[in-house]
Protein chains: 2
Amino acid sequence: METGLPKFDSAFSIDCVIFGFEAGELKVLLIERNEDPFKDWWALPGNMVENNESIEDAATRILYELTGLHDMHMEQFHTFGAVQRHPLGRVITVAYYALIRIIGQKEVKPVTKYAKKAAWRSVNELPKLAYDHSEIFETSIQKLRRRLGYQPIAFELLPEKFTLTQLQLLYEAILNKKLDKRNFRKKMLSYGFLKELDEKQKGVSYRAAKLYKFDRRKYYKIFQNDLTPEN
Amino acid sequence: METGLPKFDSAFSIDCVIFGFEAGELKVLLIERNEDPFKDWWALPGNMVENNESIEDAATRILYELTGLHDMHMEQFHTFGAVQRHPLGRVITVAYYALIRIIGQKEVKPVTKYAKKAAWRSVNELPKLAYDHSEIFETSIQKLRRRLGYQPIAFELLPEKFTLTQLQLLYEAILNKKLDKRNFRKKMLSYGFLKELDEKQKGVSYRAAKLYKFDRRKYYKIFQNDLTPEN
DNA sequence: ACAAAAGTGTTCGTACTACACCCATGA
DNA sequence: TCATGGGTGTAGTACGAACACTTTTGT
């Protein structure tokens, strides 16, 4: 790394791909821009990194400002740095994704002036996005799919108590393919980190399903060794 | 993303974790710094991103300046943005790793003045590195290990023609564990992308091993569908 | 009684694991 | 002839894939 520290006119930003799950569909939180460039376009929520905050802090702050949520599972997944990606200047953006529970959430409202509104959109029906945000989104969902295979991220998107069918629908929505019900249940239960509750679904007009919750303690006990392979 | 584009005094850099494989050991290319801060410390090679180049171009350029090599497999793996990571100012760094063939390589010599020299060091005997480079290195090797499981990256580190034992030693060095010879060979050959050559190892004082090469064409034919799961 | 989803086992094939000896070559 | 790594097969186990019917509940 050079030490000369040349100052040049460029800026960092954070862009967030905020995933949620609702009505059997995987959704992403978009904002409608109220300013040029890309006025009236849909975009990923994002903002500039302040000079006195780490990029992780910035990601957390920006998510909070846009959704009012703390302590979310956020994960950096890629940094985008094409020269012309922002029409007004050089902006390199670090992209994070976050997983949140939509259920029971008060409606998300942007607290910044540069957005008209925020809305959950199905990942299957996204409009063309501002800047290179379509590319950022595509990358995010690929990383999300891969990570689903080795990390218990799905539970961040579900209510605390959920049925196995809900869990399966979520997996299907993320992976974009149908899964076999029996195999899915067998596998999930075999991990041993799902805790069966003495409670059932309510308000459905058919046989009520058992509720489960994700047992974080058991998960770490089971997988702590596997996650640090060797040494 | 904000449009106001505030200019603030900060900079981007690229840091490269350059892996090589030699004498049965996984190595990484380090430079010895010739300037403050961290004068006389070992560090990862890196440099500032110019204002008119993308971060990918910057990574390619920096690798070239430090090693004289083109067309290397480079992969962005994480961006580090702690406020105090650079003692002289705010520098956010995008880290890449590269995989190169040491064999037959003319010695690597830094072409920049800020480094006294460059040297290949075994990943098992690294000194404490400048800045947060030890952390960057640790992250890189974890990503490398994971990627080894689903991408044919090992071949970038070997000479074009190699024996199965060399390939196995490389896997063992990256994964830091012993593998079973028979199982390893069976599995590798079963993929069908290794081309057996009509040639044998030379200059060894024991039974010469067959040479193989990686058949990129076959690899893509076999895995093109698997790499784009669905749609 | 009917509609709707919950819940449940078995079979098959594939892939990974563990494991030990003879072979070819150069010195 | 000896030392050194090259090269090979099999049996057991674990895991994923395919596949269909009965049960429970609310209306």
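Everything numeric here is computed off the predicted structure, so don't read it as measured data. Atom set for the values below is all heavy atoms of this structure, side chains included, hydrogens, waters and symmetry mates excluded. Proteins get letters first, then strands, A, B, ... in listed order; numbering begins at 1 in each.
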Side chain to side chain contact (heavy atoms under 4.5 Å, CB included) assessment of B/Ile141 paired with B/Leu26: CA-CA 10 Å; B/Ile141 199 159; B/Leu26 188 63; 4.1 Å; yes

Starting at [atom1] of [X] and ending at [atom2] of [N], how long is that distance when rounded to a whole Å?
X	N	atom1	atom2	value
A/Leu167	C/dG7	CG	P	13 Å
B/Leu169	D/dG5	CG	C1'	11 Å
B/Lys177	C/dT17	NZ	C1'	12 Å
A/Arg185	C/dT8	CZ	C1'	9 Å
B/Leu189	C/dC16	CG	P	14 Å
B/Lys210	D/dG6	NZ	P	12 Å
B/Leu179	C/dC19	CG	P	15 Å
A/Lys178	D/dA18	NZ	C1'	17 Å

Among residues 193-204 of chain B, which residues get a heavy atom nearer than 4.0 Å to DNA chain D?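 When residues 193-204 of chain B is checked for heavy atoms under 4.0 Å from DNA chain D, there are no hits whatsoever.
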
Are B/Leu126 and B/Trp42 side-chain neighbours, meaning at least one heavy-atom pair lies under 4.5 Å? no

Within a strict 4.5 Å, meaning less than it, do heavy atoms of the B/Gln168 and B/Thr165 side chains meet? no

If you take atom types as modelled and just measure distance, does the side chain of B/Arg207 reach the base of C/dA24 with a donor-acceptor pair under 3.5 Å? no

If I take atom CZ from residue A/Arg61 and atom CG from residue A/Asn47, how far apart are they, to the nearest 0.5 angstrom? 5.5 Å

Please report the interatomic distance CG(B/Asn34) to CG(B/Asp40), rounded to the nearest 0.5 Å.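 It is 7.5 Å, given to the nearest 0.5 Å.
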
Output field: ring centroids B/Phe162/B/Tyr212 closer than 6.0 Å: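 No, they do not, as the ring centres are separated by 6.0 Å or more.
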
List, with names and distances, any nitrogen or oxygen atoms from the protein found under 3.5 Å away from nitrogen or oxygen atoms belonging to nucleotides 9-11 of chain C.
residue : atom : partner  : partner atom : Å
C/dT10  : O4   : A/Lys186 : NZ           : 2.9

Given D/dG6, D/dG16, C/dG26, identify the nucleotide with an atom nearest to the side chain of B/Ser205. C/dG26

Side chain of B/Lys181 - closest among D/dT8, D/dT25, D/dA20: D/dT8

Hey, which of these two, B/Tyr212 or B/Tyr206, hits DNA chain D nearer its 5' end, going by closest nucleotide? B/Tyr206

Looking at B/Tyr150, is A/Arg146 sitting on its ring face, NZ or CZ under 6.0 Å from the six-membered ring centre and within 45 degrees of the normal? yes

OP1 or OP2 of D/dG6 sitting under 4.0 Å from any side-chain N/O of B/Thr165?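 Answer yes for this pair, as a side-chain N or O of B/Thr165 is under 4.0 Å from OP1 or OP2.
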
Side-chain donor or acceptor of B/Arg101 paired with backbone N/O of B/Phe155 under 3.5 Å: yes

So that I can tick it off, tell me whether A/Arg216 and A/Glu160 are bridged by a salt bridge, with the cut-off set at under 4.0 angstrom between side-chain N and carboxylate O. no

